[in-house]
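Read the structure below first, then the notes.
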Amino acid sequence: MPFATSLKTEEELLSRARVLAGQSIAAIAQRLGRQVPPNLRRAKGWAGELIERALGAAAGSKAGPDFPQLGIEVKTVPVARDGRPCESTHVCAASLADVVGIHWENSPVRRKLVRVLWVPVEAEAGVPLGQRRIGQAMLWSPTPEQEQQLRLDWEELMELIALGRADEIRGEQGVYLQLRPKAASGRARTKAPNAAGELTATLPRGFYLRPAFTAQILAGHYAIAR
DNA sequence: GTTTGATCATGT
DNA sequence: ACATGATCAAAC
């Protein structure tokens, strides 16, 4: 039986993640027989994929959670020395067209965040990628309060999209959940309704969790060993 | 083009 | 310093 399917409980997954805590990127990469790129500039998702492989997730992209049998999504989050996240966290693409029938309960955003294994990765500027260490992972589901916060932002954003006003949405909107470009380049296009209800080409967007939100999730955990 | 994984780079 | 808008790579 492959490594990836040997996991039966989320406790087992968490245990695996705990083993990674304190280990360097270089050590994990070496064990998996992978070369550490000089930096992440041309390999932005490299560390995330490395951690998923180290945890036993299936390789490559596919729909659904990283651990389908457990319903768990893995998110690596870059953290500063103080344990606070350096960046926003991408959740999923926003379906700008065909917004009818989508409610928070069946939304991709909620489904993605039902159960998440957060894996902090040291991201201090000046620390070479290979020397960066993995922090203490934590298994998380939104508290009722957190889910309500996300839901309010989501509903506000989705209403604007439904009204054909996606192009007016700025990254400033949303207390904890924001909508920002998510594309290969500024020339990328997808379909979205305009104010007249006609489908027109527009920049693809995605939902992101603000650092302030992930910070409250990670609060209280020692993300990086001292 | 979309979805997977995200971080970069510039303006405020 | 920090967030927004822009972008990188691979699989499909």
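Model, not experiment: these values are computed from the prediction.
Under 4.0 angstrom from either OP1 or OP2 of C/dT7 there lies no side-chain N or O belonging to A/Arg42. Between A/Lys112 and the phosphate of B/dG5, there is a side-chain N or O to OP1/OP2 separation shorter than 4.0 Å. Within the structure, a side-chain polar atom (N or O) of A/Gln178 is placed less than 4.0 Å from OP1 or OP2 of C/dT4. Listed pair A/Ser88 / C/dT4 fails the phosphate criterion, with no side-chain N or O lying under 4.0 Å from OP1 or OP2. The side chain of A/Arg180 contributes no N or O atom lying less than 4.0 Å from OP1 or OP2 of C/dA3.
Between the CG atom of A/Leu40 and the C1' atom of C/dT7 there is a distance of 14 Å, given to the nearest Å. A straight line from CD of A/Glu52 to P of C/dA11 spans 14 Å, rounded to a whole angstrom. The separation between A/Leu129 atom CG and C/dA9 atom P is 15 Å, rounded to whole Å. Atom CD in A/Glu87 sits about 14 Å away from atom P in C/dG5, given to the nearest Å. One can place CD1 of A/Ile169 at 18 Å from C1' of C/dA6, the figure rounded to the nearest angstrom. Between A/Arg41 atom CZ and C/dT7 atom P the separation is 14 Å, expressed in whole Å. Going from atom CZ of A/Arg53 over to atom C1' of C/dA10 covers 14 Å, rounded to whole Å. Atoms OH (A/Tyr176) and P (C/dA3) sit 13 Å apart, rounded to a whole Å.
Residues A/Val175 and A/Leu160 are members of one and the same hydrophobic cluster, defined by side-chain heavy-atom contacts under 4.5 angstrom among Ile, Leu, Val, Met, Phe, Trp and Tyr.
Looking at heavy-atom distances under 4.0 Å, A/Ala93 makes contact with sugar-phosphate atoms alone, never a base. Within the nucleic acid shown, A/Gln173 has no heavy atom closer than 4.0 Å to any nucleic acid atom. A/Gly45 comes within contact range of at least one nucleobase, with a heavy-atom separation under 4.0 Å. Heavy atoms of A/Ala183 sit under 4.0 angstrom from at least one base atom.
The main-chain N or O of A/Gly186 is found under 3.5 Å from a side-chain atom of A/Arg189 such that the two form a donor-acceptor pair. Side chain of A/Tyr208 to main chain of A/Pro181: a donor-acceptor pair is present (N/O by atom type, distance under 3.5 Å, no hydrogens or angles).
Residues A/Arg18 and A/Gln136 have side chains that bring a donor and an acceptor to within less than 3.5 angstrom of each other.
For A/Lys182 against B/dG5, a side-chain N or O and a base N or O form a donor-acceptor pair under 3.5 Å. Contact of A/Tyr208 with C/dA3 (side chain to base): no donor-acceptor pair of N or O atoms is detected under 3.5 Å.
Which of B/dT7, B/dA6, B/dG5 sits closest to the side chain of A/Pro78 comes down to B/dT7. Of the listed nucleotides (C/dA3, C/dA6, C/dT7), C/dA3 has the atom at the smallest distance from the side chain of A/Arg210. Minimum atom distance to the side chain of A/Pro204 is reached by B/dT2, of the listed C/dT7, B/dT2, B/dT4.
Nucleotides of DNA chain C nearest to A/Arg187 and A/Glu172 differ in position, and the one nearer the 5' end is that of A/Glu172.
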_Pair A/Lys75-A/Asp66, salt bridge (Lys or Arg N to Asp or Glu O under 4.0 Å): steps then yes or no_ = CA-CA 9 Å; A/Lys75 287 290 184 192; A/Asp66 298 303; over 6 Å; no
*Apply salt bridge (Lys or Arg N to Asp or Glu O under 4.0 Å) to the pair A/Arg111 and A/Glu73, showing each step before the final yes or no.*
CA-CA 10 Å; A/Arg111 277 181 294 167; A/Glu73 174 75 16; over 6 Å; no
